[in-house]
Amino acid sequence: MTRYRYPFLSLKATNAPVEDALAEAAARVIRSGRYVGGPECEAFERALGDMADGSIAVGTANGLDALRLIFRAFIEQGEMAPGDEVLVPAGTYIATWLAITDCGLRPVPVDTDPATLNMDTALLERLVTPRTRAILTVHLYGRVCYDDELRRVATRHGLKIVEDCAQALGARAASGRAAGALGHAAAVSFYPTKNLGALGDAGAVLTSDARLARTVRALANYGSDRRYHNVYRGLNSRLDPLQAAMLAVKLPGLAAENERRRALAAVYDSAITSPHVTLPDCTAGEAMVWHQYVVLCDTRDGLRDYLDSCGVETDIHYPAACHEQPCYADIPHGPLPVAESVARRCLSLPVGPGTSEQDAREIAEIINQYIPR
């Protein structure tokens with residue numbers, strides 16, 4: 001039995017309200033006899049694309065493959081080549097960078113905006129070189145990273161805009177446009193911990209470009225555009241129909257789940273008054289989906305130990321910026337002080353389906369009593 005009165009995330013609690021529907025969906029797939037591709041995948045792709053402002057959705061095996069396939073498609077179409085550069089936030093999960101380097105491209109890290117914790121778009125222009133081909137923007141923690149400056153830089157230099165929507169499905173930009181429909185292509189992850197999570201690995205590519213969608217779909221299916229006709233040296237990264245059926249059950253509830261997370265964030269924002277904790281910028285309002293509620297604290301490890309002793313489970317997203325990881329020690333970069341500082345100060349509070357607004361109020365009160373040693 002867990003000793004946490006306030007667990008960070010319970011996947012059992014996440015799926016409990018739709019457990020019967022999930023079981024019926026699984027049984028439907030078993031009875032169908034169609035275990036790769038087919039109507040379950042097609043129906044979910046249509047629903048997902050509709051949610052993303054009418055985008056074309058292509059299911060993939062996971063979110064990392066979705067990003068990989070986007071860059072592979074650009075390379076196969078002659079729009080990028082190995083050695084080209086991609087502007088990417090230094091402060092993100094490692095998968096974002098892996099997708100770039102797996103395709104033979106070079107990540108150029110961009111420092112963090114201290115207010116939003118997203119990529120600092122004011123730094124983009126000075127980092128563009130003749131080899132720059134794309135901006136990979138990450139909507140970290142559920143906050144859209146897309147603004148006039150990002151769009152101006154991309155337009156001025158003819159750069160592709162690729163969105164990492166792993167944490168932001170259902171979020172919207174200030175314009176009202178959906179995350180996933182802001183650039184040339186977007187990658188989505190349905191890892192079980194996401195706001196919309198599968199019961200295993202799953203992902204998708206979103207795009208309004210029909211040619212790109214066809215290339216991605218072929219690459220994900222052994223490079224085949226039709227049976228036994230392989231136009232690319234592809235891979236096997238197809239969305240499993242069982243996961244598609246699970247996701248189709250849960251997709252209609254995503255808007256309510258995102259709204260519930262906004263309510264929890266509002267409680268934290270109003271109730272946490274500790275001078276030792278910096279709260280996230282909440283000006284994004286209803287546009288943000290709060291995949292994580294991340295605070296900053298100069299004595300982060302002390303605060304985490306204190307919360308643990310009070311029965312509050314927390315997590316760290318993420319304890320090192322990507323350029324600080326051993327596997328990227330060879331990537332050249334300039335100073336990235338904000339990303340490095342955030343990695344040492346960030347702490348994620350419970351905001352998942354098992355957390356109530358009363359829990360959030362009690363957690364806030366516990367935080368307000370914290371005294372650094």
Side-chain angles (χ1 to χ4, degrees), residues 29 32-49 52 55-86 88 94-107 131 133-136 159-166 180-181 183-191 198 200-245 247 327:
V29 174
S32 75
R34 183 67 184 270
Y35 306 133
V36 176
E40 296 287 353
C41 294
E42 293 163 5
F44 175 69
E45 287 176 345
R46 286 194 299 270
L48 179 65
S55 298
I56 303 166
V58 180
T60 64
N62 55 69
L64 172 55
D65 277 1
L67 275 176
R68 283 183 180 132
L69 287 162
I70 290 169
F71 287 113
R72 273 290 307 276
F74 284 135
I75 291 170
E76 294 291 352
Q77 293 178 175
E79 296 167 276
M80 294 183 191
D84 285 344
E85 298 173 352
V86 179
V88 62
I94 197 71
T96 311
W97 281 43
L98 289 173
I100 298 170
T101 56
D102 283 355
C103 293
L105 304 170
R106 189 173 81 82
R131 292 303 302 269
R133 294 293 179 270
I135 301 171
L136 176 45
L159 308 179
K160 300 292 187 185
I161 298 175
V162 179
E163 302 172 68
D164 183 337
C165 288
H184 295 85
V188 181
S189 170
F190 301 113
Y191 189 74
D201 269 321
V205 171
L206 295 169
T207 183
S208 60
D209 184 335
R211 180 192 178 205
L212 184 70
R214 287 192 301 271
T215 305
V216 166
R217 193 177 295 281
L219 283 166
N221 187 34
Y222 298 97
S224 174
D225 61 347
R226 62 183 185 272
R227 196 177 187 201
Y228 300 138
H229 186 260
N230 301 79
V231 291
Y232 309 114
R233 297 179 183 181
L235 60 152
N236 177 8
S237 182
R238 300 169 298 208
L239 175 63
D240 189 296
L242 187 62
Q243 297 302 340
L247 290 164
C327 62

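Nearest approach of Leu48 to Ala204, heavy atoms of both residues: CD2-CB, 3.6 Å. Residues Ala213 and Ile56 come closest through the heavy atom pair CB-CG2, 3.7 Å. Residues Gly63 and Ala187 approach most closely at O-CB, 4.2 Å, considering heavy atoms. When all heavy atoms are compared, the tightest approach of Leu64 to Ala95 is CD1-O, 3.4 Å. Pairing each heavy atom of Ile100 with each of Pro107, the nearest pair is CG2-N, 3.7 Å. Here the shortest heavy-atom pairing between Phe71 and Ala99 reads CD1-O, 4.2 Å.
For Arg68, the salt bridge (charged side-chain N to carboxylate O under 4.0 Å, His left out) partners are Asp65, Asp102, not counting sequence neighbours. Checked against side-chain contact (heavy atoms from CB on, under 4.5 Å), Asp201 has the following partners two or more places apart in sequence or in another chain: Asn62, Tyr191. In this structure, Asp240 has no salt bridge (charged side-chain N to carboxylate O under 4.0 Å, His left out) partners at least two apart in sequence or on a different chain. Every residue two or more places apart in sequence or in another chain was checked for a salt bridge (charged side-chain N to carboxylate O under 4.0 Å, His left out) with Arg46, and none qualifies. With sequence neighbours left out, the side chain to side chain donor-acceptor pair (under 3.5 Å) criterion links Asn221 to Arg238. Under the rule for a side-chain contact (heavy atoms from CB on, under 4.5 Å), the partners of Ala202 that lie at least two apart in sequence or sit in another chain are Phe190, Ala198, Leu239, Gln243, Leu247. Contacts of Thr96 classified as side-chain contact (heavy atoms from CB on, under 4.5 Å), with partners at least two apart in sequence or in another chain: Val88, Thr92, Leu136, Val138, Asp164. For Glu40, the salt bridge (charged side-chain N to carboxylate O under 4.0 Å, His left out) partners two or more places apart in sequence, or in a different chain, are Arg28. Ser224 pairs by the side chain to side chain donor-acceptor pair (under 3.5 Å) definition with nothing, not counting sequence neighbours. Every residue meeting the side chain to side chain donor-acceptor pair (under 3.5 Å) condition with Tyr222, not counting sequence neighbours, appears here in chain and number order: Asn236. For Glu79, the side-chain contact (heavy atoms from CB on, under 4.5 Å) test picks out Phe74, Gln77, Lys160, Arg211, with sequence neighbours left out.
With contacts defined as side-chain heavy-atom distances shorter than 4.5 Å, the pair Asp84/Ile75 does not qualify. With contacts defined as side-chain heavy-atom distances shorter than 4.5 Å, the pair Ile94/Cys327 qualifies. Leu206 is not listed as a side-chain neighbour of Cys165, based on a closest heavy-atom distance of 4.5 Å or more.
Remark: the backbone N or O of Val162 is not paired with any side-chain donor or acceptor of His184 at under 3.5 angstrom. A donor-acceptor pair under 3.5 Å links the side-chain atoms of Arg34 to the main chain of Val36, judged by distance alone. Not one N or O on the side chain of Glu85 forms a donor-acceptor pair closer than 3.5 Å with the backbone of Arg131.
The stretch residues 224-235 participates, sequence neighbours left out, in no salt bridge (Lys or Arg N to Asp or Glu O under 4.0 Å) pair at all.
Across Thr215, Thr60, Val205, a single residue satisfies side-chain contact (heavy atoms from CB on, under 4.5 Å) together with Ile70, and that is Val205.
Between the CG atom in Asp209 and the OG atom in Ser55 there is a gap of 11.0 Å [rounded to 0.5 Å]. In this structure, the separation between CG on Leu67 and CD on Glu163 is 10.5 Å, given to the nearest 0.5 Å.
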